[in-house]
Trainee: 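Below is one structure. I have some questions about it.
Atom set for the values below is all heavy atoms of this structure, side chains included, hydrogens, waters and symmetry mates excluded. If you're wondering where the values come from, they're calculated on a predicted model, not measured in any experiment.
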Amino acid sequence: MGRRYDPERRQRIIDAAIRVVGSKGIAGLSHRSVAAAADVPLGSTTYHFASLDELLVAALRQANEGFAAAVRNSGALADPEADLAGELARLMGEWLAGERTGVELEYELYLAGLRRPALRPVAAEWCEGLAEPLARRTDPVTARALVALMDGICLQVLLTDARYEEEYAREMLARIIDASA
């Protein structure tokens with residue numbers, strides 16, 4: 001019997017890796033655990049991803065896309081009269097109020113770069129990918145400061161189980177934006 005063509009297999013493996021990290025953390029990630037979660041032969045995971053770092057890079061790239069896409073698609077970036085701070089604070093609130101497991105997973109993968117250097121370029125891509133559209137409304141330095149503040153606020157909310165305060169976020173973001181004007 002010949003090998004069955006399965007063009008979705010690589011994506012199923014990435015999705016399974018995200019589920020495994022979401023339920024067991026990065027420590028629970030192995031080719032075997034991902035193969036079981038994706039319902040694919042073990043050899044498929046190593047065929048598509050020679051190392052766990054390669055798999056984590058793909059998972060992080062996919063996980064990173066949600067918030068960055070929401071910012072890129074926001075009308076506040078194109079409209080110079082729109083309240084950029086208010087829009088960013090609103091988007092953070094929606095993101096944090098959504099499926100919390102996904103947000104936590106994204107940060108777990110993002111922070112895994114501290115111990116896994118292969119993930120660092122992907123984390124940098126995320127920061128740059130978020131700062132680039134913000135720089136069109138502000139400037140590159142201010143955009144980087146906005147990304148850093150949003151990261152900090154989100155991490156504090158996640159790590160302390162604090163309630164997200166949209167008005168506080170809007171005020172702090174506005175201070176950075178106003179200071180650059």
Trainee: So do Leu52 and Leu29 actually touch side chain to side chain, heavy atoms under 4.5 Å?
Mentor: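 Side chain of Leu29 against side chain of Leu52, heavy atoms only: contact under 4.5 Å found.
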
Trainee: Kindly indicate, with the supporting measurements, whether the criterion side chain to side chain contact (heavy atoms under 4.5 Å, CB included) is fulfilled by Leu84 and Leu77.
Mentor: CA-CA 7 Å; Leu84 180 58; Leu77 293 178; 3.8 Å; yes

Trainee: Determine yes or no for a side-chain-to-main-chain donor-acceptor pair under 3.5 angstrom, with Arg19 supplying the side chain and Ala37 the backbone.
Mentor: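 It does hold such a pair.
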
Trainee: Looking only at non-hydrogen atoms, find the nearest pair between Gly129 and Pro133 and report the distance.
Mentor: O-CD, 3.0 Å

Trainee: Can you name the side chain to side chain contact (heavy atoms under 4.5 Å, CB included) partners of Gln62, sequence neighbours left out?
Mentor: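 Gln62 satisfies side chain to side chain contact (heavy atoms under 4.5 Å, CB included) with Gln11, Ile14, Asp15, Ile18 only.
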
Trainee: Please enumerate all residues that pass salt bridge (Lys or Arg N to Asp or Glu O under 4.0 Å) together with Glu94, with sequence neighbours excluded.
Mentor: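 Only Arg90 meet the salt bridge (Lys or Arg N to Asp or Glu O under 4.0 Å) criterion with Glu94.
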
Trainee: Run the side chain to side chain donor-acceptor pair (under 3.5 Å) test against Arg10 and tell me which residues pass, sequence neighbours left out.
Mentor: none

Trainee: Among all residues two or more places apart in sequence or in another chain, which pass the side chain to side chain donor-acceptor pair (under 3.5 Å) test with Glu108?
Mentor: none

Trainee: Apply side chain to side chain contact (heavy atoms under 4.5 Å, CB included) to the pair Leu111 and Leu155, showing each step before the final yes or no.
Mentor: CA-CA 10 Å; Leu111 292 173; Leu155 277 172; 3.9 Å; yes

Trainee: For Arg72 and Leu130: C-alpha separation, side-chain torsions, deciding distance, then whether side chain to side chain contact (heavy atoms under 4.5 Å, CB included) applies.
Mentor: CA-CA 8 Å; Arg72 278 193 311 273; Leu130 193 52; over 6 Å; no

Trainee: Say whether, by atom type as modelled, one donor and one acceptor occur between the side chain of Thr138 and the main chain of Leu134 under 3.5 angstrom.
Mentor: yes

Trainee: Say you draw a straight line from CG of Leu146 to CG of Leu173; how long is it, rounded to the nearest 0.5 Å?
Mentor: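 Reported to 0.5 Å precision, the distance equals 6.0 Å.
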
Trainee: Looking at every non-hydrogen atom in both residues, tell me the closest pair between Ala143 and Ala135 and how far apart they are.
Mentor: CB-N, 3.5 Å

Trainee: Determine, using the 4.5 Å side-chain heavy-atom cutoff (strictly less than), whether Val147 and Val141 are members of one ILVMFWY cluster.
Mentor: no

Trainee: For Ala69, does its backbone N or O pair with a side-chain atom of Asn73 as donor and acceptor, under 3.5 Å?
Mentor: yes

Trainee: Does a side-chain heavy-atom distance below 4.5 Å link Tyr47 with Pro41?
Mentor: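 Side chain of Tyr47 against side chain of Pro41, heavy atoms only: no contact under 4.5 Å found.
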
Trainee: List for me each residue that meets side chain to side chain donor-acceptor pair (under 3.5 Å) alongside Glu171, sequence neighbours excluded, and say none if there are none.
Mentor: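 For Glu171, the residues satisfying side chain to side chain donor-acceptor pair (under 3.5 Å) (neighbours in sequence not counted) are Arg175.
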
Trainee: Start with the C-alpha gap between Ile13 and Val34, add the side-chain angles, then the distance that decides, and say whether side chain to side chain contact (heavy atoms under 4.5 Å, CB included) holds.
Mentor: CA-CA 7 Å; Ile13 292 168; Val34 171; 3.7 Å; yes

Trainee: Please name all residues satisfying side chain to side chain contact (heavy atoms under 4.5 Å, CB included) with Arg163, sequence neighbours left out, ordered by chain then number.
Mentor: Glu165

Trainee: To the nearest 0.5 angstrom, please state how far the CD1 atom of Ile153 sits from the CD atom of Glu166.
Mentor: 11.0 Å

Trainee: May I ask you to decide if Asp83's main-chain N or O and Glu87's side chain share a donor-acceptor pair within less than 3.5 Å?
Mentor: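 Answer holds: no.
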
Trainee: Tell me, do Leu158 and Leu96 make a side-chain contact under 4.5 Å, heavy atoms counted?
Mentor: yes

Trainee: Pro121: what forms a side chain to side chain contact (heavy atoms under 4.5 Å, CB included) with it, not counting sequence neighbours?
Mentor: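 Counting only residues at least two positions away or on another chain, Pro121 forms no side chain to side chain contact (heavy atoms under 4.5 Å, CB included).
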
Trainee: Determine whether Leu56 and Leu42 fall in the same hydrophobic cluster, where Ile, Leu, Val, Met, Phe, Trp and Tyr are linked whenever their side-chain heavy atoms lie under 4.5 Å apart.
Mentor: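 No, it is not one cluster - the side chains of Leu56 and Leu42 are not joined through contacts under 4.5 Å.
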
Trainee: Taking all heavy atoms of Val20 and all of Ser33, pick out the closest pair and write down the distance.
Mentor: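 Closest pair (atom of Val20, atom of Ser33, distance): CG1-OG, 3.6 Å.
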
Trainee: So, using side chain to side chain contact (heavy atoms under 4.5 Å, CB included) as the criterion, who are the partners of Thr46 when residues are at least two apart?
Mentor: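 Result, side chain to side chain contact (heavy atoms under 4.5 Å, CB included) vs Thr46: His31.
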
Trainee: Hey, could you give me each pair passing side-chain hydrogen bond (donor to acceptor under 3.5 Å, both in side chains) that has a residue in residues 112-122? Not counting sequence neighbours.
Mentor: Asp53-Arg116

Trainee: Could I get the full list of side chain to side chain donor-acceptor pair (under 3.5 Å) partners for Ser180, not counting sequence neighbours?
Mentor: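 Testing Ser180 for side chain to side chain donor-acceptor pair (under 3.5 Å), a comparison that skips the adjacent residues, returns Thr142.
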
Trainee: Mind jotting down which residue pairs meet the side-chain hydrogen bond (donor to acceptor under 3.5 Å, both in side chains) criterion with at least one end in residues 144-158? Sequence neighbours excluded, please.
Mentor: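 Qualifying pairs, neighbours excluded: Tyr107-Asp151, Tyr110-Asp151.
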
Trainee: Could you give all pairs that pass the ring pair (Phe, Tyr, Trp, His ring centres under 6.0 Å) test and reach residues 138-181, with sequence neighbours left out?
Mentor: none

Trainee: Report yes or no: does Arg137 contribute a side-chain atom to a donor-acceptor pair with the main-chain N or O of Ala82 at less than 3.5 Å?
Mentor: yes

Trainee: How long is the span from the CE atom in Met150 to the SG atom in Cys127, to the nearest 0.5 Å?
Mentor: 9.5 Å

